[in-house]
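Below is one structure, written out as structure tokens, with a few remarks after it.
Start at 1 and go down the list; that is how both ligands and their atoms are numbered.
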Amino acid sequence: MFDKVLIANRGEIALRIHRACREMGIHTVAVHSTADENAMHVRLADESVCIGPAPSADSYLNIPNIVSAAMITGAEAIHPGYGFLSENAYFAEIVEAHGIAFIGPSPQHIQTMGDKVAAKKTMIEAGVPVVPGSEGAVGSPEDARQTAESIGYPVLIKASGGGGGKGMKVAETAETLAEQINLARREAKANFGDESVYLEKYLANPRHIELQIVADEQGGVVHLGERDCSLQRKHQKVLEEAPSPALNAAERERLGEIGCTAIRRLGYRNAGTLEFLYENGEFYFIEMNTRLQVEHPVSEAISGIDIVREQIRIAAGAPLSFRQKDIDFQGHAIECRINAEDPATFAPWPGRIVEYHPPGGLGVRVDSGLYAGYSVPPYYDSMIAKLIVHGATRNECLMRLRRALEEFVITGVRTTIPLHQELTAQSDFINGRYDIRWLEDYVAGQAAV
Ligand code: ADP
């Protein structure tokens, strides 16, 4: 096992990784920008190295500085967390070239799955159902028009290099296709440096259901159940739950089969997530995330598996310590992403935390680097805490979630806690009847009142 791991991230996920390392007796190295000198993960880590100024491009995305920090401190492995360099195949390659273990999949798998066109092609070959769409990136406007015609309108234009919902546009009719493609190309170029786009059938009312996988170097593949991430705003997840209230036992089993078979065929290692849209009893693959995800704790809650611990063990060459039949799913879990934002307008709200009192009690977990007196910097993602609640049934989980939200005190900045309180009181949510459009419609309805 490793003696020392460098954590190439910040915020709650850096702390989450630190916790797993500590419990495994592994020393930690935190890296941080000048804006994060006083961050909780920096305070708790055994060592810390400043890797640059506040903007991410100069610090958390600064490959030479991060690799140098690992070399200087003698870290044997790097955990990239999520976001930042976690899905950068070049980073994984450079890390390995320096004799440091990358806690994640091989650079080749990151590369393939990071190109959504290649990912879809690979999944089709592995027998996974995908959303009907163009075969690869679209070429000339005429080619695009013909493809869209054969898929049927409305069509969704997606960036090959996409992520975070960027570079995604809907063309309702043939008249708007060319214009929407141009808009998508421009956004894709600006965000990912690659203007290639592809077309997909725009599903009307799907749910977003994803499967958590862990796989070792020895060919062991286990899924940790599905997560329902349909509550989204601007294609960004707001609340996630496991299991999905929409699936029956047979569908759940089918999803697990599809996912594990594909992962085995790919020869993929470490943790990963297969994302699907689910409509009328069918699953359609949309993308694979080759990293730890923000919402991983709901899967940990129902499976009892520490996913970060497994990631570290796998990277050290150890086989999974369990098989599929050992996983005994228990109860229901829900995660709320709490952002430093105005709960009505979603405007970011960085600033100094005055009071901080997280909820507690049975079945309540809070992953956050916050403390009273901490200043939320304006440079990074606005998520400041995750509240994860586990209960024996969905109803118990929901009641527990509501009381936990009520207890949660964060003052000094605005947060989305009131939004979660509102959402969890809606009858559609209580009844598990929501799809990927539900939240947008709800927010639009509230704004109109
Ligand atoms: P990104 O990597 O940018 O997040 P995804 O492919 O994961 O993009 O899609 C993000 C979200 O966009 C999905 O969760 C879903 O809400 C919506 N979406 C993606 N593909 C489709 C589709 N074909 N039809 C309808 N909605 C879609």
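Annotation: atom 14 (O) of ligand 1 to nearest protein heavy atom, H208 ND1, 2.7 Å. Of the protein's heavy atoms, Q232 OE1, 2.7 Å lies nearest to atom 16 (O) of ligand 1. In terms of protein heavy-atom proximity, atom 15 (C) of ligand 1 is closest to I436 CD1, 3.7 Å. Taking atom 8 (O) of ligand 1 as the reference point, the nearest protein heavy-atom neighbour is K116 NZ, 3.0 Å. The single protein non-hydrogen atom nearest to atom 19 (C) of ligand 1 is K158 NZ, 3.4 Å, given as residue, atom name and distance. The protein non-hydrogen atom at the shortest distance from atom 23 (N) of ligand 1 is K201 O, 2.8 Å. Of all protein heavy atoms, the one closest to atom 3 (O) of ligand 1 is G165 N, 2.5 Å. Nearest protein heavy-atom neighbour of atom 7 (O) of ligand 1: E287 OE2, 2.7 Å.
Judged purely by distance below 3.5 Å, without hydrogens or angles, the side chains of Q293 and T273 pair a donor atom with an acceptor atom. Between the side chains of Q426 and E422, no donor-acceptor pair is found at a separation under 3.5 Å.
Within the structure, the closest approach of K234 to ligand 1 does not fall below 4.0 Å when heavy atoms are considered.
Between R227 and the choices E300, E210, E240, E335, the salt bridge (Lys or Arg N to Asp or Glu O under 4.0 Å) rule is met once, by E210. Of the candidates V221, T122, T261, T122 is the only one forming a side-chain contact (heavy atoms from CB on, under 4.5 Å) with L266.
Closest heavy-atom approach to atom 9 (O) of ligand 1 among the candidates E440, M168, H235: M168. Selection from V130, L156, L199 by nearest heavy atom to atom 18 (N) of ligand 1 gives L156. Nearest residue to atom 27 (C) of ligand 1 from N289, I209, L277, N191 is L277 (criterion: closest heavy atom).
Set against the non-hydrogen atoms of V131, the atoms of ligand 1 under 4.0 Å away are 23 (N). Listed by number with element, the atoms of ligand 1 under 4.0 Å from a non-hydrogen atom of G164 are 1 (P), 2 (O), 3 (O), 4 (O). In summary, the atoms of ligand 1 found under 4.0 Å from a heavy atom of R437, numbered by their order in the structure, are 25 (C). In summary, the atoms of ligand 1 found under 4.0 Å from a heavy atom of E275, numbered by their order in the structure, are 7 (O).
The number of heavy atoms from other shown groups lying within 6.0 Å of CZ (F322) is above 12.
No donor-acceptor pair closer than 3.5 Å links the side chain of T416 to the backbone N or O of P343.
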Checklist entry - Which is it for K166 and E187 under the salt bridge (charged side-chain N to carboxylate O under 4.0 Å, His left out) test, yes or no, and what are the steps along the way? => result CA-CA 7 Å; K166 296 200 178 81; E187 218 172 288; over 6 Å; no
Item to check | Candidate pair R403 and E406, rule salt bridge (charged side-chain N to carboxylate O under 4.0 Å, His left out), full reasoning | outcome: CA-CA 5 Å; R403 78 97 180 132; E406 208 174 272; over 6 Å; no
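Aromatic rings of Y434 and Y442 (six-membered ring for Trp) have centroids beyond the 6.0 Å cut-off, not under it.
Of the charged side-chain nitrogens involved, none lies within less than 4.0 Å of a carboxylate oxygen, so that R207 and E226 do not count as a salt-bridged pair.
Using cut-offs of 30° and 60° on the angle between ring planes, the pair H223 and F329 is parallel.
Distances between N or O atoms of L203 and those of ligand 1 include at least one value under 3.5 Å.
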